[in-house]
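The structure under discussion appears below in the form of structure tokens.
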Amino acid sequence: MKRRVLAGLLASVLALGTLAGCGGGGSDDAAATDSSAEATTDDAAAEEGSSETSDAEGGDLGEVTMILALRDEFLSTLEAGAISAAEELGITLTTQDAQSDTSKLLQFIETAKNDGQKAIIVNMVDPETAPQVIEAAGDMKVVFVNRPPVDTSVLNENAVYVGSDEMQSGKYQGEWLAEHFKAEGKTDIKYILLNGTIGNVSTTNRTESCLQALKDNGINATEATAPLAADFDRATAQDMISPLLTTTEYDCIISNNDAMALGAIEALTAQGIDPTTVPIVGVDATVDGRQAIKDGTLSMSVFQDADGQGRGALMAAANLVSGAALNEGTDYELDEAGYTMWVPFEPVTADNVADYDDR
């Protein structure tokens, strides 16, 4: 999904004084313990001719904090998308890295609340903690991004989710594998599965949807070994899969993300096995993942629009506070309840990988 923000939204946000909040951005402790990135556009109101809004708000259109579970390649791209959208909307965005620590994440939320911010954007460390996040936020609007709450009943007009439908990502993997093996005349296969973090909604749904797609497309897929919980980490995946590559019969490697798939490719190469001979599928279509597809070592991936999720989360925060529709100013669809904004997944193969180089 290309980045599309309707120009009219900026005017409406300015008119409503969206996200007006206290200046100063985070506590001294937060600044000392975590790196933060800020995006500001103080001249936005002047450029739109909104002198009254500028006078009323002192030129400050508000501040919002985005908290990341950690800064990996994907979430850094998500962060950049949010920063870009903030610049367009004249919002001051501060980002924080929770370093995979839920207690630190909750502290950042408390700091934002104490600063008088009206919305918080949260990429949870643990999706089970959504109720605690909402409680800590108090009167602030909450936008969960990329990692949805395990219990989606917590979503409402004050707490929403922006991300991609994980049941689609695995479906694309399974469909590609089914087509590949049927072309080889195979209907019975064995797979090695590289899982992300156990209990994570993304891990569960990516795995289930991939296996269901294989079944739906006439492939009888069985485990070559127990799933490997590599926590979405490249080095962990490489270490865990290495002992199995020459001792286990398998037809393909299914990975919940590109990083782990790349770890498997490195493990194969280290053992003298040509990775182009083993179908390996990932998710995210990261820069390294796309290069592996071009090299022929990664069979396919599924593009998860990190930039789009970041921009969508910032837009959602602005819309929640202004009272606009959650997806106002975007091309993204909402779920039936209206509390989830979907940023679509897209399959990436050797045939179309070049199309994603500027995404």
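It should be emphasised that the depicted structure is a prediction, and the values quoted were computed from it without experimental measurement.
- For Glu135, the CD atom sits in a loose shell: 12 or fewer heavy atoms of surrounding residues, nucleotides or ligands are nearer than 6.0 Å.
- Thr248 places no side-chain N or O within donor-acceptor distance of the main-chain N or O of Leu245, the cut-off being under 3.5 Å.
- For the residue pair Asp307 / Thr77, no side-chain donor-acceptor distance below 3.5 Å is found, with atom types taken as modelled.
- For the residue pair Asp284/Ser301, the side-chain donor-acceptor check at 3.5 Å is not satisfied.
- A donor-acceptor contact closer than 3.5 angstrom links the side chains of Arg71 and Thr95.
- The existence of a salt bridge linking Glu63 and Lys118 is excluded, since no basic side-chain nitrogen approaches an acidic carboxylate oxygen closer than 4.0 Å.
- A side-chain donor-acceptor contact under 3.5 Å links Gln99 and Lys104.
- A 4.5 Å side-chain heavy-atom check between Asn220 and Thr187 finds every atom pair outside the cut-off.
- Using a 4.5 Å cut-off on side-chain heavy atoms (C-beta onward), Trp342 and Tyr332 make no contact.
- The pair Lys141-Glu157 does not meet the salt-bridge criterion, since no charged nitrogen lies less than 4.0 angstrom from a carboxylate oxygen.
- In this structure, a donor-acceptor pair under 3.5 Å is present between the side chains of Glu166 and Ser169.
- Between the side chain of Ser164 and the backbone N or O of Val343, at least one donor-acceptor pair lies under 3.5 Å.
- Side chain to side chain, Thr297 and Asp295 fail the donor-acceptor criterion of an N or O pair below 3.5 Å.
- Side chain to side chain, Gln96 and Thr65 fail the donor-acceptor criterion of an N or O pair below 3.5 Å.
- Counting heavy atoms from C-beta outward, Asn158 and Val142 have side chains that stay 4.5 Å or more apart.
- When the side chain to side chain donor-acceptor pair (under 3.5 Å) test is applied to Asp233, the partners found at least two apart in sequence or on another chain are Thr236.
- Between the side chains of Gln309 and Asp305, not a single donor N or O lies within less than 3.5 Å of an accepting N or O.
- Heavy-atom contacts from other residues, nucleotides or ligands closer than 6.0 Å to CD of Glu249 number 12 or fewer.
- Between Val278 and Ile253, some side-chain heavy-atom pair lies under the 4.5 Å cut-off.
- A donor and an acceptor atom, one from each side chain of Glu346 and Gln304, are nowhere located under 3.5 Å apart.
- Using a cutoff of 4.0 Å between basic side-chain nitrogens and carboxylate oxygens, Asp165 and Lys171 are not scored as salt-bridged.
- Applying the ring-ring contact (aromatic ring centres under 6.0 Å, His included) definition to pairs two or more places apart or across chains, those involving residues 142-179 are Trp176-His180.
- A donor-acceptor contact closer than 3.5 angstrom is absent between the side chains of Arg147 and Ser202.
- The minimum heavy-atom distance linking Leu78 with Leu68 is given by the pair CD2-CD2, 4.3 Å.
- No hydrogens or angles considered: nothing links the side chains of Asp288 and Thr286 as a donor-acceptor pair under 3.5 Å.
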